[in-house]
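In this text the structure is predicted, and so the values were computed from the model without any measurement.
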Amino acid sequence: MDVIDWLLDSDPAIRWQVLRDLTDAPARQVAAERARVANEGWGSRLLALQQPHGQWASGLPAFRSEAEERWWHSLAPDQHGTLFPMWTSTAWSLVLLRIFGAEPDHPAVRRAVGLVRENVRWEHDGEPFFAGEVEPCINGRTVALGAYFGVEVTPIVERLLGEQMADGGWNCEQENGSTRASFHTTIDVLEGLLAYEQATGRDVRQARLRGQEYLLERRMARRLSTGEPIEHDRTTGAPAAWTQFSFPAYWHYDVLRGLDYLRAAGSTPDVRVAEAIDLVRSKRDADGRWPVENPHPGELHFAIDDHEGRPSRWNTLRAMRVLTWFENRHVND
């Protein structure tokens with residue numbers, strides 16, 4: 001089967017993006033396919049899982065200690081299930097709805113977002129969901145969600161702009177004294193700022209471009225100081241997995257996620273992404289497909305891709321549109 005036909009033989013959440021990004025389909029056909037996301041398939045299933053009080057998850061997270069368990073049980077009911085458990089909480093469910101491309105003006109989507117806005121609060125200190133909290137990674141995602149779903153998030157944006165670090169990036173550990181940015185947090189904030197800029201027309205481009213440079217100066221996955229590949233992930237304490245393409249990425253950075261952000265931002269590719277592009281090309285199999293790699297541990301509402309090592313429609317879609325972006329734009333030497 002032709003790879004485009006294979007991609008189209010799937011859920012509306014994938015089909016409309018394939019039509020938009022990889023074919024010459026007219027805008028009305030793309031719009032018609034996108035309109036199906038909230039009515040059928042994964043989008044409809046996800047919306048149906050929301051509870052009457054606005055939260056999605058109702059189970060307990062995986063506690064790593066008795067202290068974590070005590071903390072969880074000390075929270076008010078409207079704080080249970082906002083960020084935890086991974087990946088069925090309210091925050092991650094909204095992230096999936098945005099990834100699927102559910103239309104923000106669809107009545108079911110408006111109702112879902114309204115329930116979150118009115119009822120859901122963060123575990124951190126009971127802040128309203130769309131007010132954000134203190135960690136830039138969480139706030140970057142919240143900006144992306146608010147911008148996409150039409151909720152005012154300017155106060156969070158202003159906070160993030162004030163938290164940009166000297167190296168151009170952001171780090172969720174800034175409040176604990178970190179002085180160096182993190183790939184993970186920086187990509188979360190960049191995606192949020194881009195969504196905000198596109199939705200509101202407000203100018204955050206200067207800060208966003210500084211953040212882009214953080215990635216580009218490091219060739220998307222290298223140390224700035226030595227130019228060597230980053231082998232240890234300071235955030236997770238594990239070997240860096242940024243050359244493996246996960247989906248969904250959740251809060252994790254990887255090279256494909258970084259490239260897809262640059263594509264979405266309309267950035268002109270230069271030689272600093274060439275190595276990353278070569279990596280993407282190297283993972284294409286004989287059928288023109290990319291595999292599922294490094295699925296992040298945690299619960300899912302339901303499967304939206306195949307098993308690890310099997311061909312991935314999501315990774316194939318994202319890799320193909322990144323390569324199209326790279327190959328169709330002038331490369332500055």
query: Does Val134 share a hydrophobic cluster with Trp71, counting links as ILVMFWY side-chain heavy atoms below 4.5 Å and allowing steps through other members?
result: no

task: Measure from NZ or CZ of Arg257 to the centre of the six-membered ring of Tyr253 and say whether it is under 6.0 Å with the direction within 45° of the ring axis.
output: no

- prompt: Quick one: OG1 on Thr324 to CZ on Arg329, what's the gap to the nearest 0.5 Å?
  reply: 12.5 Å

query: In a check of side chain to side chain contact (heavy atoms under 4.5 Å, CB included) between Arg208 and each of Val189, Leu193, Leu161, which one passes?
result: Leu193

query: Taking it one step at a time, do Asp260 and Arg321 satisfy salt bridge (Lys or Arg N to Asp or Glu O under 4.0 Å)?
result: CA-CA 8 Å; Asp260 204 28; Arg321 70 188 179 192; 2.9 Å; yes

message: Before we go on, tell me: are the rings of Tyr214 and Phe183 under 6.0 Å apart, centre to centre?
response: yes

query: Is the Lys NZ or Arg CZ of Arg263 less than 6.0 Å from the centre of Trp325's six-membered ring, within 45° of the axis?
result: no

field: Arg159 atom CZ, over 12 foreign heavy atoms within 6.0 Å
entry: yes

message: Could you go through Arg36 and Glu33, starting from their C-alpha distance and side-chain angles, then the distance that decides it, and tell me whether this counts as salt bridge (Lys or Arg N to Asp or Glu O under 4.0 Å)?
response: CA-CA 5 Å; Arg36 299 172 66 182; Glu33 191 61 44; 3.2 Å; yes

query: In this structure, are over 12 heavy atoms from other groups packed under 6.0 Å from His307 atom NE2?
result: no

- prompt: Quick one: does NZ or CZ of Arg45 land under 6.0 Å from the six-membered ring centre of Phe302, within 45 degrees of the ring axis?
  reply: yes

field: Check: Ser246 side chain, Asn294 main-chain N or O, donor-acceptor pair, under 3.5 Å
entry: yes

message: Taking the ring centre of each residue, are Trp242 and His184 less than 6.0 Å apart?
response: yes

query: Taking the six-membered ring for Trp, are the ring centroids of Trp72 and His80 within less than 6.0 Å of each other?
result: yes

- prompt: Do the ring centers of Trp87 and Tyr250 come within less than 6.0 Å of each other?
  reply: yes

- request: Could you tell me whether Arg111 atom CZ has more than 12 heavy atoms of other residues or ligands within 6.0 Å of it?
  value: no

